[in-house]
Amino acid sequence: ADEKWGLSLEVVATFGVWIAAVRESAGAVARYNQGAGEDRRVCAGDAVLEANGERHPAKILEAMKRPGDLALVLKRPREVDLTLRLNGEPLGVEFSHQEHGTGLYVRMIHGSSPVLACGSGLGVGDRVVAVNGRRGAPKELLQELESSEAPVITVARL
């Protein structure tokens with residue numbers, strides 16, 4: 001599917017399908033983007049909400065592998081910066097991620113987490129795409145989170 005459409009996808013079971021990269025020189029999406037206006041182009045970071053009427057992540061992937069036309073419903077998330085004040089305490093947040101992905105997905109926030117106490121606004125389902133202005137692989141984002149007393153995280157929300 002990725003070769004045919006010219007996309008690299010990031011799939012995290014209950015959190016959905018995200019476009020990790022768009023190959024600008026190959027695939028159907030590159031051809032679509034050439035004729036599309038700036039606000040209609042498929043971009044890295046877009047969420048795939050639906051593919052040929054399918055909404056579940058596994059079904060979206062199946063639809064993208066089938067021969068024939070593909071109708072996608074995409075949404076471009078908005079990014080917000082949140083400051084976490086940890087005061088020397090552990091983060092108290094559990095994340096899901098794909099090994100070669102581009103974000104951390106908030107799976108659980110423990111009741112004793114300083115994230116709740118500081119009123120940061122971080123919530124289950126949020127996608128962390130940068131920490132202290134740095135974007136990178138999930139491992140790098142986690143390292144940056146662990147090494148900062150008051151990290152500023154960039155969250156992509158639908």
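No experiment lies behind these values; they were computed from the predicted model shown. One is the number of the first residue; the rest follow in order along the sequence.
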Rounded to the nearest 0.5 Å, what separation is found between the [atom1] atom of [X] and the [atom2] atom of [Y]?
{"X": "Leu104", "Y": "Glu94", "atom1": "CG", "atom2": "CD", "value": "13.0 Å"}
{"X": "Met108", "Y": "Ser96", "atom1": "CE", "atom2": "OG", "value": "10.0 Å"}
{"X": "Tyr32", "Y": "Leu70", "atom1": "OH", "atom2": "CG", "value": "12.0 Å"}
{"X": "Lys139", "Y": "His100", "atom1": "NZ", "atom2": "NE2", "value": "11.0 Å"}
{"X": "Ile60", "Y": "Lys65", "atom1": "CD1", "atom2": "NZ", "value": "12.5 Å"}

For a side chain to side chain contact (heavy atoms under 4.5 Å, CB included) check, start with the C-alpha distance between Leu72 and Leu49, then their side-chain angles and the critical distance, and finish with the verdict. CA-CA 8 Å; Leu72 294 175; Leu49 303 180; over 6 Å; no

Salt bridge check, [Y] against [X]: does any charged N sit closer than 4.0 Å to a carboxylate O?
{"X": "Arg157", "Y": "Asp126", "result": "yes"}
{"X": "Glu10", "Y": "Arg127", "result": "yes"}
{"X": "Arg135", "Y": "Glu79", "result": "yes"}

Non-hydrogen atoms of [X] and [Y] that approach each other most closely:
{"X": "Ala47", "Y": "Leu158", "result": "CB-CD2, 3.6 Å"}
{"X": "Asp46", "Y": "Pro77", "result": "CA-CD, 4.2 Å"}
{"X": "Glu144", "Y": "Asn132", "result": "OE2-ND2, 2.9 Å"}
{"X": "Val129", "Y": "Ala156", "result": "CG1-CB, 4.0 Å"}
{"X": "Leu145", "Y": "Pro151", "result": "CD2-CG, 3.9 Å"}
{"X": "Pro114", "Y": "Leu91", "result": "CD-O, 3.6 Å"}

Would a single hydrophobic cluster contain both Leu142 and Leu122, if residues Ile, Leu, Val, Met, Phe, Trp and Tyr are joined by side-chain heavy-atom contacts under 4.5 Å? yes

Going only through I, L, V, M, F, W and Y residues with side-chain contacts under 4.5 Å, is there a path from Val131 to Val80? yes

Does some side-chain heavy atom of [Y] sit less than 4.5 Å from a side-chain heavy atom of [X]?
{"X": "Leu9", "Y": "Met64", "answer": "yes"}
{"X": "Trp5", "Y": "Arg23", "answer": "no"}
{"X": "Arg76", "Y": "Cys43", "answer": "yes"}

For Arg66, does the CZ atom have more than 12 heavy-atom neighbours from other residues, nucleotides or ligands under 6.0 Å away? yes

Could you check whether atom NE2 of His110 has more than 12 heavy atoms from other residues, nucleotides or ligands sitting under 6.0 Å from it? yes

Testing Ile153, Thr154, Val128 one by one against Leu82 for a side chain to side chain contact (heavy atoms under 4.5 Å, CB included), which residue passes? Ile153

Stepwise side chain to side chain contact (heavy atoms under 4.5 Å, CB included) test for Val48 and Trp18: CA-CA 6 Å; Val48 182; Trp18 299 80; over 6 Å; no

Go through the steps for Ser113 and Val93 under the test side chain to side chain contact (heavy atoms under 4.5 Å, CB included), then give the verdict. CA-CA 7 Å; Ser113 173; Val93 175; 4.2 Å; yes

So, Glu140 side chain and Ala137 main chain: donor-acceptor pair closer than 3.5 Å or not? yes

Show the numbers, then the answer: is there a side chain to side chain contact (heavy atoms under 4.5 Å, CB included) between Asn33 and Glu24? CA-CA 8 Å; Asn33 278 351; Glu24 296 300 328; 4.3 Å; yes

